[in-house]
Amino acid sequence: MQKNYDFRQELLQVHRPNILNQDYQPDSGMLHIDDSFSITVAQDCGEVILTAAKDLQDYLFTSLGCFVPLRRAVISGSVPENSILVATAEQLGISFPGESIPASYEIHVAANGVTVCGVDGRGCAQGCYALEDRMNQIRAPYLAMERTVFSPAFSPRMVHSGYGQEQYPDQHLSAIAHAGMDAILVFVKDVDLTQVGYLDFNNLIRQAAKYGLDVYVYSKIASDMHPDAPGAFDYYNGTYGKLFAHCPGFKGVVLVGESVEFPSKDPRVSPFKYYNNTIDGLPTGKPTAGWFPCVDYPQWLSMLQKVIYPHRPDADIVLWSYNWGKCAEADRLALIDNLPEGISLMATFEMFNVREMDGFKSRAADYTISFPEAGPYFLSEAKRAQDRGIRLYTQANSAGLTWDYGVIPYDPFPHLWVRRYRSMLEAREKYNLCGVMESHHYGFWPSFISQIEKRMFTLPGMTGEAAIRSAAEQLYGSACLEDALVAWDLLSQ
């Protein structure tokens with residue numbers, strides 16, 4: 001009988017213990033990692049690389065029973081004999097062999113050892129996790145001798161905690177990084193204040209940074225003054241400005257209408273908050289600013305830029321159009337046309353799709369995997385963002401959990417998720433979709449869904465069919481593979 005919150009013990013287990021397949025027969029041309037090996041990093045490798053190297057060491061011991069010491073050394077560019085060398089291209093004194101996209105990496109497995117070469121520390125970390133993935137696939141300490149370069153399809157990839165609201169123990173941060181995500185979200189009401197109470201933001205930023213993770217503010221900060229009102233600068237400097245002055249390590253802030261609505265002067269909206277939108281107890285008949293693409297949102301965003309940029313010039317200020325996705329397209333696109341330079345736009349991927357069953361039409365009011373592909377609301381805004389050269393993000397819940405079944409850790413429908421991932425990659429090619437919010441309130445739980453996603457979103461990615469097959473074989477073994485694939489197909493129906 002499990003007790004409340006016993007599920008957290010599983011979330012805290014980053015590496016599965018004792019998975020070694022004693023009967024594994026390696027192919028010719030495979031390198032055997034054994035106790036004669038060591039992991040080598042540069043003297044000044046940096047915290048992200050050191051954390052990832054320690055993680056790889058722990059994986060080899062915990063999962064495969066192989067003890068490999070960790071060493072610092074002066075990097076000469078050549079791989080020490082029987083070593084896994086983890087270093088950036090700069091530390092190796094070479095040019096990166098692929099396109100220099102942040103977090104990209106090359107893995108070179110040769111007869112004398114392995115080189116993990118990253119564009120940066122995050123690339124090195126992802127390369128280490130990729131070695132683990134390869135050995136997890138066969139449950140043995142062998143690596144095929146080859147040379148391959150990989151890069152992420154999307155960045156940022158943001159998730160909320162699946163451990164508990166605003167709770168990010170190191171093991172959960174590690175699991176998030178292993179899954180290929182590069183950012184976490186925290187609900188913020190004020191400096192060091194979340195919806196559930198006190199949190200040392202700067203400490204969270206430092207802890208996340210060790211795993212190559214940025215931290216984004218999900219704003220719950222009150223905005224009770226119009227940006228052109230007397231004293232507005234001082235007011236917003238005392239909220240958003242104060243937050244980034246205290247925590248300049250925050251990567252950016254996500255702004256969604258219902259959480260940040262301000263007293264807009266747009267005549268089409270009510271001056272009240274959505275939860276108090278009445279006069280003498282009667283509805284006003286107008287939407288509130290949080291639920292409509294008001295003409296003065298650009299003015300409000302410019303004010304936030306003025307108070308945030310002095311403390312973080314490259315802060316990623318993200319406007320999420322979730323609340324007005326069902327408004328007239330002309331009104332939504334007019335707002336996009338007037339967004340200030342430097343603002344990122346996030347549009348939810350599938351919302352407001354309409355389904356007709358037995359003559360009855362229903363609209364997807366919130367996140368669902370029943371519409372795997374991009375919806376017309378997203379596509380309309382994606383096209384306009386591309387025309388304007390605006391950074392385009394989407395909320396796609398692509399880490400594996402929608403609001404169809406909020407009480408389960410993930411939606412186990414792999415073929416539906418593959419359809420979504422394909423559609424997201426298509427939007428990347430057509431509209432320059434570059435960033436993703438991967439989970440919302442329910443948070444992220446590592447699963448075979450997130451493993452399939454990683455296989456498709458690490459470029460050059462696997463096809464959906466290959467990713468499903470690979471994840472199933474890793475989880476169930478080759479003997480049960482075909483039965484697992486049949487079961488997953490039935491689930492997806």
Identify whether the distance between the nearest side-chain nitrogen and carboxylate oxygen of Arg422 and Glu465 falls below 4.0 Å. yes
Ring centres of Tyr168 and His160 under 6.0 Å apart? no
Would you compute the distance between atom CD of Glu350 and atom OH of Tyr367 and round it to the nearest 0.5 angstrom? 8.5 Å
Charged N to carboxylate O below 4.0 Å: is that the case for Asp214 and Arg122? yes
Less than 6.0 angstrom separating the ring centers of Phe413 and Trp488, yes or no? no
Centroid-centroid distance, Phe444 to Tyr410, less than 6.0 Å: no
Applying the side chain to side chain contact (heavy atoms under 4.5 Å, CB included) criterion to Ile343, which one of Leu301, Leu304, Ile336 satisfies it? Leu301
Quick one, Phe187 and Ser219 - any side-chain contact, counting heavy atoms below 4.5 Å? no
Under the salt bridge (Lys or Arg N to Asp or Glu O under 4.0 Å) rule, collect the residues that match up with Lys242, sequence neighbours excluded. Asp190
Within the 6.0 Å centroid threshold, strictly below: Phe201 and Phe250: yes
If you apply the rule side chain to side chain donor-acceptor pair (under 3.5 Å), what do you find for Ser155 with Asp182, and how did you get there? CA-CA 7 Å; Ser155 180; Asp182 62 1; 2.5 Å; yes
If only atom types and distance count, is the side chain of Ser450 paired as donor or acceptor with the main-chain N or O of Pro446 below 3.5 Å? no
